Amino acid sequence: MTSALLPTYARAPVAFERGEGVWLVTPEGERYLDFGAGIAVNALGHAHPHLVAALTTQAGKLWHTSNLFQIPEGERLGQRLVDASFADVAFFCNSGAEANEAAIKMARKYHAAGGQPERYRIVTFEGAFHGRTLATLAAGGQQKYIEGFGPKVDGFDQVPFGDHEALLAAVGPETAALMIEPIQGEGGIRSVPPQCLRGLRELCDERGLLLIMDEVQTGVGRTGKLFAHEWAGMAPDIMSAAKGIGGGFPLGVCLATREAARGMTPGSHGTTFGGNPLAMAVGNAVLDVVLEDGFLDHVRRMGLLLKQRLAAVRDRYPHVVTEIRGDGLLLGLKLNVVNTEFAAAARDQRLLLIPAGDNVVRLLPPLILTEADIAAAVGRIEATAARFEVQLRGAAE
Ligand SMILES: *Cc1c(COP(=O)(O)O)cnc(C)c1O
């Protein structure tokens with residue numbers, strides 16, 4: 001069957017009609033355990049009653065007014081995010097890429113406002129993913145995404161992941177900022193060690209650079225802290241967040257210190273849809289739950305348990321699973337078999353996983369999952385790994 005949709009995705013042959021918590025249900029009533037959460041988006045699972053109530057209540061009142069007027073729910077969400085983070089100001093938008101665009105523009109404008117407009121370049125890291133707009137593609141630096149789309153946007157210098165010498169060599173008189181994910185998500189759940197994050201902070205302070213943290217995937221409780229950089233006891237100057245922050249409603253935010261945002265004066269940036277009353281109502285409802293006492297403790301406990309159980313799977317099937325990566329509920333299995341094939345086989349077991357770079361499959365379950373959900377998922381992963389182990393042994397004999 002031909003589709004009217006642009007064929008930019010190789011979609012799995014399954015569709016869902018509704019969701020309940022960590023479960024997705026097909027029109028035929030088949031139930032899938034959702035350990036992808038729409039790529040770390042459905043942080044509170046599907047059809048969370050508090051989110052449904054917030055959305056439907058707001059939908060009956062007011063959806064959109066534009067940013068030409070005051071938006072009280074946006075003032076409130078901005079203040080709550082500021083109170084809960086290093087930041088002083090928030091800019092709401094609709095996606096991760098847009099949040100990163102805002103971050104990039106802010107870093108450049110900071111130096112322009114300080115009389116150094118020549119400082120516009122941003123150092124990024126190999127394996128990074130910052131989005132699909134022309135600038136964020138250039139920031140991510142992945143050749144396969146850049147090729148064929150004309151000249152790469154100028155102003156990004158990429159260095160190998162973990163190469164301190166290359167980083168120092170890449171910082172020059174035109175450098176405005178460093179931009180990094182505390183854990184590379186799309187790149188294959190590659191964590192930046194805490195001492196490295198602190199080292200980047202020091203380097204930025206020494207050289208007058210801004211530090212941009214891309215927490216689009218790691219943020220909003222995913223690692224068991226509200227934002228992943230908090231584990232390292234340091235803070236960026238600018239940070240993007242998106243995926244989980246709207247619980248499934250398209251929402252992104254660029255957070256910054258007032259100093260880093262000094263160039264962003266009226267008219268310097270904008271968005272038609274960003275921060276509209278409907279999005280702000282949902283964003284506030286997500287924070288109501290994530291900031292509740294004990295919620296992040298739950299994420300940490302479930303994350304540890306899941307990681308332990310996955311380590312046991314690796315020990316049992318070392319030919320299939322070679323490494324467990326990540327923190328909290330942002331975990332990855334580094335595989336010895338093709339990751340997309342593993343994800344498809346897990347789907348046959350009615351478990352949804354998400355492939356990532358470096359031949360990894362990601363586990364990004366809703367943060368509300370229970371021990372029973374973990375047991376169910378691990379059972380299905382075992383069954384999947386067992387299938388491949390049999391094949392690998394057969395091939396070896
Ligand atoms: C998903 C992601 C983005 C892009 O977000 P979109 O909402 O798809 O634009 C940017 N950075 C990171 C780290 C991501 O995981």
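Each ligand, and each atom within it, is numbered from 1 in the order the structure gives. Worth knowing before you read on, the calculation uses all heavy atoms, side chains too, and leaves out hydrogens, waters and symmetry mates. All of these numbers come straight from a predicted model, not from anything done at the bench.
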Point to revise | Non-hydrogen protein atom less than 4.0 angstrom from atom 8 (O) of ligand 1 | key: no

Check your understanding: Short N/O distance, under 3.5 Å, between K243 and ligand 1?
Key -> yes

Review point. Does ligand 1 have a heavy atom under 4.0 Å from the side chain of E181, from its backbone, from both, or from neither?
Key: side chain

Check your understanding: Is there at least one pair of N or O atoms, one from D214 and one from ligand 1, spaced under 3.5 Å apart?
Key -> yes

**Study point:** Proximal atoms of ligand 1 relative to H130 (non-hydrogen, under 4.0 Å)
**Key:** 10 (C), 11 (N)

**Study point:** Shortest protein heavy-atom distance from atom 12 (C) of ligand 1, along with the residue and atom involved
**Key:** F129 O, 3.3 Å

Review point. So among L44, I245, V299, which one has a side-chain contact (heavy atoms from CB on, under 4.5 Å) with V290?
Key: L44

**Study point:** Any N/O pair A97/ligand 1 closer than 3.5 Å
**Key:** yes

**Study point:** Student check: side-chain heavy atoms of I39 and E186 closer than 4.5 Å
**Key:** yes

Exercise for review: List the closest protein heavy-atom neighbour of atom 6 (P) of ligand 1: residue, atom name, distance to the nearest 0.1 Å.
Suggested key: G96 N, 3.5 Å

Review point. Less than 4.5 Å apart, any side-chain heavy atom of E181 and any of H130?
Key: yes

Study note, to complete from the structure: If we number the atoms of ligand 1 from 1 as shown, the ones under 4.0 Å from a heavy atom of S95 are 7 (O), 9 (O)

Exercise for review: Please examine the side chains of H64 and L278, heavy atoms only from C-beta on, and report whether any two atoms are closer than 4.5 Å.
Suggested key: no

Check your understanding: Can you find an N or O of A242 that's nearer than 3.5 Å to an N or O of ligand 1?
Key -> no

Review point. Between T223 and D327, is any side-chain donor less than 3.5 angstrom from a side-chain acceptor?
Key: no

Check your understanding: Quick one: are V25 and E17 in side-chain contact, heavy atoms under 4.5 Å?
Key -> no

**Study point:** Working for side-chain hydrogen bond (donor to acceptor under 3.5 Å, both in side chains), residues Q349 and T384
**Key:** CA-CA 7 Å; Q349 307 283 335; T384 306; 4.7 Å; no

Check your understanding: With a 4.5 Å limit on heavy-atom distance, are the side chains of L369 and F35 in contact?
Key -> yes

Check your understanding: At a 4.0 Å threshold, what atoms of ligand 1 neighbour a non-hydrogen atom of N100?
Key -> 10 (C), 11 (N)

Practice item. Give yes or no for whether the N/O distance cutoff of 3.5 Å, strictly under, is met between G131 and ligand 1. Key: no

